[in-house]
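First the proteins, then the strands, lettered A, B, ... as listed; each starts at 1.
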Amino acid sequence: MFETHVSEAMGSEANASGAADGPALAAGERIALVDVNNFYVSCERVFDPRLEGRPVVVLSNNDGCVVSRSEEAKRLGIKTGAPWFQLAPQAQRWGLVARSSNYELYGDMSARVMEVLGRFGTWQEVYSIDESFLGVAGDEARLRTEGGRIRDAVRRLVGVPVCVGIAPTKTLAKFANHIAKRNPGMDGVCSLGSLPRGEAERIQSRVPVTGLWGVGPRTGKRLNALGIETVADLRAADPLAIRKRFSVVLQRTVLELNGTPCIPHAEERADKQQVMFSRSFAVPVSTLEEMDQVMAVYAQKGAARLAAEGMRAAVVSVSAGTSRFSAGVESAPAASVALPSPTQDPIVLTRAAVGAMRGRMVPGVPYVRAGVLFSGLSRADAAGEQAMLEPFAEERNESGIADVLGAVRAKFGEAAIGLGQGGLAEPAAWTMKREFSSPRYTTEWADLPVARA
DNA sequence: TCTGGGGTCCTAGGACCC
DNA sequence: TCTGGGGTCCTAGGACCC
């Protein structure tokens, strides 16, 4: 019974012989985790070198709160999630610079970083907008050098600084990366196997367990109650006991800390399971008419993403909410509707979203955010088979309008065309605030930076 | 005046089936 | 008094990540 659990937990990539005693590593394949330091801020600095050496923050949508900080901003004690309106009064005194988030720029810079990283791996798994796992091989001396090459290549070809962590499992690679970040003497590269004997263990006995990938504040509290405070404590815990008390996820963490890889890597990215468009408003929305408008616009934004993914949705869910920070009436309307058949048709999706929200919201109550979620996704190119199975489905005759809208937007811009309330030429009052936005340097001809010598 | 958005995976529990 | 057992599928909610 228990053996079954262990083998399940280890997954198909399991390597029982890899359960070495701690990170005393043998030669063979290793995993590198490379991520960009302070990614959004670093992207802004590539195109505006005046930001070097200054405290800089990038703000969330609506210029709400801090999502990326330069080292100088961290030193000022600014925390991730800090609301901008609380920082703004001190900004001038501190010399603090704020930028609105510019996802078009970051997305393009991410693609460039990933392309360069891909040159160095026997395999690559892009894990997030700013980090990637890579397969690397060789003896310790070579791994260390290779890490330095990766760091230099990204700096030279894309312009952003990265850190590299190298180890036999993903969890340990993340941990090595964490060490590289906190020890400037390492020049941004840490291969666990190159550390002096006993050094990795010493660090593990100092880092709190919540410093690990996959261990958040909740799990951290429960672990502390059992006397498991540090990474070293968790590494020494019994994996089966951990599975029984917690979950298979944490059991994998324990095994990975001991050098046994159990998190399989997805060679190609799996299809998305949901597509969401959700935003808070610049000013609250409290009328039925405005909420109709919001739903129409959000559904079309989501539909465009769905079409870009080549997916169709079977379920449309909508939600809205009042402010968590105000004492007024609380209201959180939400509804889901199943569509007669999966579709990517923006007309069908928009009608469903508007219809689902109508009658749920309370007029007069100030809503500060809303969202549209598409789920039950399937690939659009499987539509033919589906049609044969469901000859009487009503929405079979997709209008092809998703393609038309996409083509018009690509040629004439985002605001060029829309359905119904989504076709507003002037942005409505509730649309997002972005006061400190940088240009789309790399994706818009008009925004191309000009250098003068 | 002002506090983000978009995902994933796992688990528990209910509905339903034979 | 006493009411099977085993399986699947689906959903909601929790926890986490960046």
Side-chain angles (χ1 to χ4, degrees), chain A residues 5 8-9 11 33 35-40 57-69 78-89 91 98 100-101 103 106-107 110 125-133 170-171 174 177-178 209-223 243-253 262-264 266 269-284 298 301-302 305-306 309 314-315 317 319 321-326 334 336 338 366 368-377 429-430 432-435:
Chain A
H5 283 163
E8 278 169 16
L33 185 272
D35 73 349
V36 181
N37 306 342
N38 317 324
F39 182 53
Y40 298 168
V57 293
V58 172
L59 304 175
S60 63
N61 282 325
N62 246 342
D63 295 339
C65 59
V66 172
V67 291
S68 181
R69 306 163 293 160
I78 296 170
K79 301 269 185 266
T80 299
W84 172 242
F85 74 89
Q86 289 175 359
L87 298 173
S100 303
S101 39
Y103 288 103
Y106 312 147
S110 172
E125 180 186 338
V126 176
Y127 177 70
S128 76
I129 192 165
D130 77 326
E131 56 188 303
S132 183
F133 290 106
K170 287 183 174 176
T171 303
K174 276 268 196 184
N177 182 284
H178 171 103
V209 76
T210 46
L212 278 173
W213 186 41
V215 183
R218 304 285 179 120
T219 307
K221 270 215 177 76
R222 289 177 58 201
L223 284 169
R243 185 196 170 105
K244 272 198 271 184
R245 276 182 189 266
F246 295 86
S247 68
V248 66
V249 180
L250 196 61
Q251 182 191 25
R252 286 189 195 126
T253 302
C262 5
I263 302 174
R269 209 184 51 173
D271 282 337
K272 282 196 182 171
Q273 302 190 17
Q274 51 180 240
V275 167
M276 191 190 298
F277 191 89
S278 154
R279 286 282 180 284
S280 45
F281 311 131
V283 295
Y298 285 17
K301 296 275 191 191
R305 286 185 189 174
L306 195 65
E309 294 282 336
V315 178
S317 307
S319 60
T322 46
S323 172
R324 308 196 300 281
F325 302 96
S326 83
S336 288
V368 299
R369 67 194 146 75
V372 174
L373 172 72
F374 299 135
S375 57
L377 304 190
W430 44 264
M432 206 160 81
K433 191 166 61 178
R434 283 172 104 202
E435 274 183 55

> Which whole number of Å gives the distance between the P atom of dC18(C) and that of dC2(B)?
Replying inline: 31 Å
> For DNA chain B, whose closest nucleotide is more 5', that of Pro284(A) or that of Arg279(A)?
Replying inline: Pro284(A)
> When all nucleic acid strands are considered with a 4.0 Å heavy-atom cut-off, which category describes Lys174(A): base, sugar-phosphate, or nothing?
Replying inline: sugar-phosphate
> Got a sec, which residues hit ring pair (Phe, Tyr, Trp, His ring centres under 6.0 Å) with Phe85(A), two or more places apart in sequence or on another chain?
Replying inline: none
> So what does Thr219(A) hit on the nucleic acid, given a heavy-atom distance under 4.0 Å: a base, only sugar-phosphate, or nothing?
Replying inline: sugar-phosphate
> Between dC16(B) and dG4(C), how far is it from one C1' atom to the other, in whole Å?
Replying inline: 16 Å
> Hey, does Gln274(A) reach any base, or is it just sugar-phosphate, or nothing, if we go heavy atoms under 4.0 Å?
Replying inline: base
>> Please report the interatomic distance CZ(Arg434(A)) to CG(Leu59(A)), rounded to the nearest 0.5 Å.
In response: 11.0 Å
>> Under 4.0 Å from a heavy atom of chain A: give me the 5'-most and 3'-most nucleotides of DNA chain C that qualify.
In response: dA15(C) to dC18(C)
> What is the nucleic acid contact for Arg324(A), judged by heavy atoms within less than 4.0 Å: base, sugar-phosphate only, or nothing?
Replying inline: sugar-phosphate
>> My understanding is that only residues two or more places apart in sequence, or in another chain, count here; which of them pass salt bridge (charged side-chain N to carboxylate O under 4.0 Å, His left out) with Asp63(A)?
In response: none
>> Using a 4.0 Å heavy-atom cut-off, does Phe39(A) contact any base of the nucleic acid, only the sugar-phosphate backbone, or nothing at all?
In response: nothing
> Counting any heavy atom closer than 4.0 Å, what does Trp213(A) reach on the DNA or RNA strands: base, sugar-phosphate only, or nothing?
Replying inline: sugar-phosphate
In a table with atom names and distances, give each donor-acceptor pair under 3.5 Å that connects a side chain of residues 212-223 of chain A to protein atoms at least two apart or in another chain.
{"residue": "Trp213(A)", "atom": "NE1", "partner": "Tyr127(A)", "partner atom": "OH", "Å": "3.3"}
{"residue": "Arg222(A)", "atom": "NH2", "partner": "Arg245(A)", "partner atom": "O", "Å": "2.8"}

> Nearest nucleotide by nearest heavy atom, which residue falls closer to the 5' end of DNA chain B, Ser247(A) or Ser280(A)?
Replying inline: Ser280(A)
> Which part of the nucleic acid, if any, lies within reach of Arg222(A) when heavy atoms closer than 4.0 Å are counted: base, sugar-phosphate only, or nothing?
Replying inline: nothing
>> Can you pull out every side chain to side chain donor-acceptor pair (under 3.5 Å) where at least one residue sits in residues 79-89 of chain A? Sequence neighbours excluded, please.
In response: Arg69(A)-Thr80(A)
> What residues, two or more places apart in sequence or in another chain, satisfy ring pair (Phe, Tyr, Trp, His ring centres under 6.0 Å) together with Phe246(A)?
Replying inline: none
>> Just to be sure I understand the rule, does Val215(A) reach a base, reach only the sugar-phosphate, or reach nothing, if contact means heavy atoms closer than 4.0 Å?
In response: sugar-phosphate
> What is the nucleic acid contact for Leu212(A), judged by heavy atoms within less than 4.0 Å: base, sugar-phosphate only, or nothing?
Replying inline: sugar-phosphate
> Can you list the residues that meet the salt bridge (charged side-chain N to carboxylate O under 4.0 Å, His left out) rule with Lys433(A), with sequence neighbours excluded?
Replying inline: none
>> Give the dot-bracket line for DNA chain B from 5' end to 3' end: parentheses for intra-strand Watson-Crick or G-U pairs under 3.5 Å, square brackets for crossings, | for inter-strand pairing, dots for unpaired.
In response: ....||||||||||||||
> Who are the side chain to side chain donor-acceptor pair (under 3.5 Å) partners of Ser317(A), not counting sequence neighbours?
Replying inline: Ser336(A)
> Which part of the nucleic acid, if any, lies within contact of Val368(A), taking any heavy atom under 4.0 Å across all strands shown: a base, the sugar-phosphate backbone alone, or nothing?
Replying inline: nothing
> Could Arg279(A) and Phe277(A) be counted as a cation-pi pair, given that NZ or CZ must be under 6.0 Å from the ring centre and within 45° of the axis?
Replying inline: yes
>> Regarding Asp130(A), tell me which of base, sugar-phosphate or nothing describes its non-hydrogen contacts under 4.0 Å with the strands shown.
In response: sugar-phosphate
> Looking at side-chain heavy atoms only, is the closest gap between Tyr40(A) and Ile129(A) below 4.5 Å?
Replying inline: yes
